[in-house]
**Student:** 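Below is a structure I'd like to ask you about.
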Amino acid sequence: MAGTVTFDRSNEIFRIQGAKPLRGRVRVDGSKNAALPILAASLAVDGTVQLRQIPDLTDIDTMCQLLSQLGAHICRDTAAGTVEIRNSAQESMEAPYDLVSRMRASVCVLGPLLSRFGRARVSLPGGCNIGHRPIDLHLRGLAALGADIRIERGYIIAESRILKGCDLVLSGPEGSTVTGTCNVLCAAATAVGRTVIRAAACEPEVADLAAFLNAAGADIQGAGTSTIEVTGVRHLNAVAHSVIPDRIEAATLAIAAAITSGDVEIINAPTESLQSIRTALDQIGVCQSVINSDVEVTWRVSAEAAGELRPVELIALPYPGIPTDAQAQLMALLSLAGGTSVITDRVFPDRFMHAAELVRMGADIRVTAGTAIIRGVDRLTGATVMASDLRASAALVLAAMAAEGTSEIRRVYHIDRGYAGFERKLNQLGACIQRLSGPNPD
Ligand code: UD1
């Protein structure tokens with residue numbers, strides 16, 4: 001990746017003029033959460049990996065930077081959404097703290113490095129804005145496959161002369177783990193014998209990783225369900241793969257249409273994996289239809305004639321439940337519903353940092369004992385607010401687009417981690433969002 005130029009974007013803000021309904025057509029990009037583990041898994045492949053539908057995001061920049069640091073040759077065309085990866089004799093098996101602390105998904109290189117080299121040194125990720133995020137299940141799963149794991153000076157050192165298939169259970173107090181399942185899947189793909197992963201994460205992104213590994217020669221059955229069976233193969237070979245569309249981006253755009261009383265056609269939407277969101281939007285009173293052409297799926301979302309939005313009770317759960325990654329955006333929408341809504345997050349029970357910022361915009365939200373109680377208000381008003389994480393930032397942008405007056409959202413670098421061309425797409429639909437240099441972050 002010669003010639004990469006990085007800009008300091010930490011002081012950029014969005015200035016948003018609100019109360020503008022969104023109208024038109026918008027296209028969903030490839031899935032961030034599918035692309036990241038697939039890029040990491042490329043480390044375990046012997047031949048050239050060609051990936052399509054890779055979104056232009058700073059989290060993808062970080063993963064590519066990590067892969068190059070680990071000795072892979074990366075050729076990326078951000079405009080075309082393609083990445084080609086060729087592994088060389090590895091120079092390093094270390095994922096350093098500065099990259100892992102910038103992006104937790106860097107931990108996804110652990111399983112692939114073990115699979116290919118029998119050794120990995122990966123920084124422990126440390127704290128996180130959306131709650132306590134341990135990686136004990138990743139380590140437990142890899143240890144069950146025979147890896148010797150220890151923690152030294154903030155790093156996970158994992159070693160194994162030979163990984164051996166086994167029957168293992170991957171659930172913790174909050175249920176399954178998405179990236180933990182990805183790590184164990186990559187290690188099991190080339191382990192000797194048969195592995196059964198029970199209580200596996202069922203997210204479509206795990207199924208997409210399995211599709212990628214199978215296309216490279218792995219033998220994985222049942223991905224996308226809670227029991228995955230893997231018969232180990234000796235090598236993973238050259239592979240070409242297109243990443244699935246981003247269901248969270250699609251959900252965010254749908255909620256953007258709803259909150260602005262707009263009418264938007266979302267092209268390339270993975271509507272099958274959005275059933276829980278579609279049901280929630282139905283209950284809230286948002287009109288929707290799905291148009292299947294031979295080429296792609298379009299999800300039309302309209303709240304132009306919806307009248308007053310209805311309050312609902314929602315619980316964020318592992319797939320196929322309402323995704324925790326759409327919880328903040330739904331909270332913004334429900335802050336304008338006609339009555340009292342309740343949101344609980346069973347995946348990240350403390351993920352409510354956005355609530356206080358929404359209150360600054362006039363929302364009436366009280367968070368007690370892991371539950372948010374949202375009393376709908378007639379209108380939101382523009383304010384200066386601070387984004388705390390990726391999905392919280394998206395919720396604030398949605399609220400600001402619906403609010404009367406002007407809002408300023410600080411720390412929008414969070415948005416660039418997970419939404420490709422977010423303000424460009426929204427502005428094309430009629431939003432009024434400017435990206436400006438703001439005050440220096442504290
Ligand atoms: C992934 C997604 C993230 C999403 C989350 C939940 C990626 C890159 N990120 O994160 O956007 O919000 O799934 O859908 O795909 N846990 C443990 N021990 C572990 C691992 C997790 O107790 O070893 C707990 C977590 O604290 C959390 C729950 O399990 O409460 C789910 O976390 P997990 O699925 O692992 O999230 P990530 O894979 O990090």
Side-chain angles (χ1 to χ4, degrees), residues 30-41 55 57-60 62-63 66 100-111 122 124-144 149 151 156 158 168-186 197 199-209 226 243-244 246-249 251-252 273 276-277 315-329 344-354 370 388-395 414 417-419:
S31 160
K32 168 181 88 76
N33 286 355
L36 290 171
I38 288 174
L39 281 163
L57 304 171
T58 53
D59 270 8
I60 300 289
T62 305
M63 183 58 84
L66 176 55
V100 182
S101 59
R102 205 186 306 162
M103 182 186 72
R104 297 182 64 86
S106 304
V107 83
C108 287
V109 300
L110 186 55
V122 176
L124 277 168
C128 174
N129 280 347
I130 65 175
H132 181 49
R133 293 177 79 177
I135 58 159
D136 56 312
L137 298 171
H138 301 232
L139 304 187
R140 201 211 290 164
L142 296 173
I149 294 177
I151 308 290
I156 306 152
L168 61 97
V169 181
L170 262 194
S171 73
E174 263 72 52
S176 54
T177 163
V178 178
T179 49
T181 303
C182 293
N183 256 328
V184 174
L185 200 51
C186 286
I197 308 173
C202 303
E203 270 67 5
E205 295 77 17
V206 174
D208 201 32
L209 171 65
S226 59
V243 168
I244 54 172
D246 196 312
R247 64 193 169 103
I248 304 300
E249 186 197 1
T252 304
S273 60
S276 60
I277 293 280
I315 305 178
L317 288 166
Y319 188 82
I322 295 202
T324 174
D325 286 350
Q327 182 258 103
Q329 301 89 312
T344 309
D345 194 323
R346 293 259 167 83
V347 181
F348 293 113
D350 301 323
R351 190 177 197 174
F352 290 122
M353 300 270 280
H354 42 278
S388 55
D389 73 69
L390 167 58
R391 307 305 172 184
S393 331
H414 289 295
R417 295 187 53 185
Y419 291 93

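For ligands, and for the atoms within them, numbers begin at 1 and follow the listed sequence.
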**Student:** Return the minimal non-hydrogen interatomic distance between M63 and A105, and the atom names on each side.
**Tutor:** CE-O, 3.5 Å
**Student:** Checking a contact table here: which protein heavy atom is nearest atom 9 (N) of ligand 1, and how many Å away?
**Tutor:** N33 ND2, 3.6 Å
**Student:** Name the closest protein heavy atom to atom 26 (O) of ligand 1, giving the residue it belongs to and the distance to 0.1 Å.
**Tutor:** H132 O, 3.2 Å
**Student:** What is the minimum heavy-atom distance between L209 and C186, and which atoms define it?
**Tutor:** CD2-SG, 4.1 Å
**Student:** Looking only at distance, does T179 have an N or O less than 3.5 Å from an N or O of ligand 1?
**Tutor:** yes
**Student:** If we only count N/O pairs under 3.5 Å, is P349 in contact with ligand 1?
**Tutor:** no
**Student:** I'd like to check which ligand 1 atoms, numbered from 1 as shown, lie under 4.0 Å from a non-hydrogen atom of S176.
**Tutor:** 29 (O), 31 (C), 34 (O)
**Student:** Could you name the option among G172, P134, G180 that has the heavy atom nearest to atom 21 (C) of ligand 1?
**Tutor:** P134
**Student:** Should the proximity of T177 to ligand 1, defined as any heavy atom under 4.0 Å, be assigned to the side chain, the backbone, both, or neither?
**Tutor:** both
**Student:** Mark yes when over 12 heavy atoms from residues, nucleotides or ligands other than R102 sit less than 6.0 Å from its CZ; otherwise mark no.
**Tutor:** yes
**Student:** What is the minimum heavy-atom distance between A199 and V169, and which atoms define it?
**Tutor:** CB-CG1, 4.1 Å
**Student:** Considering only the protein, which heavy-atom contact is closest to atom 25 (C) of ligand 1, and what is its distance?
**Tutor:** F348 CE2, 3.9 Å
**Student:** Show the numbers, then the answer: is there a side chain to side chain contact (heavy atoms under 4.5 Å, CB included) between S31 and E205?
**Tutor:** CA-CA 8 Å; S31 160; E205 295 77 17; 3.8 Å; yes
**Student:** Is there a polar contact between ligand 1 and V178, counting only N or O atoms under 3.5 Å apart?
**Tutor:** yes
**Student:** Checking side-chain contact (heavy atoms from CB on, under 4.5 Å) against V122, which of L66, L110, I135 comes through?
**Tutor:** L110
**Student:** Side chain, backbone, both or neither: which part of Q327 has a heavy atom under 4.0 Å from ligand 1?
**Tutor:** neither
**Student:** Can you tell me the protein heavy atom closest to atom 12 (O) of ligand 1 and the distance?
**Tutor:** D325 OD1, 2.6 Å
**Student:** Please work out which of R391, M63, E174 has its closest non-hydrogen atom nearest to atom 24 (C) of ligand 1.
**Tutor:** E174
**Student:** For a side chain to side chain contact (heavy atoms under 4.5 Å, CB included) check, start with the C-alpha distance between T179 and H138, then their side-chain angles and the critical distance, and finish with the verdict.
**Tutor:** CA-CA 8 Å; T179 49; H138 301 232; 3.3 Å; yes
**Student:** Counting non-hydrogen protein atoms only, what is the nearest one to atom 23 (O) of ligand 1? Give residue, atom name and distance.
**Tutor:** L137 N, 2.7 Å
**Student:** May I ask you to decide if G111's main-chain N or O and N183's side chain share a donor-acceptor pair within less than 3.5 Å?
**Tutor:** yes
**Student:** Locate the shortest heavy-atom distance separating G141 from L168; write the atom from each residue and the value.
**Tutor:** O-CD2, 3.9 Å
**Student:** Among V347, L139, D136, I135, which residue places a heavy atom closest to atom 27 (C) of ligand 1?
**Tutor:** V347
**Student:** Could you pull out, from R133, E205, R104, the option with a heavy atom nearest to atom 10 (O) of ligand 1?
**Tutor:** R133
**Student:** Who passes ring pair (Phe, Tyr, Trp, His ring centres under 6.0 Å) against Y419, sequence neighbours left out?
**Tutor:** F422
**Student:** Identify, for atom 14 (O) of ligand 1, the protein heavy atom at the shortest distance, and state residue, atom and that distance.
**Tutor:** T324 CG2, 3.8 Å
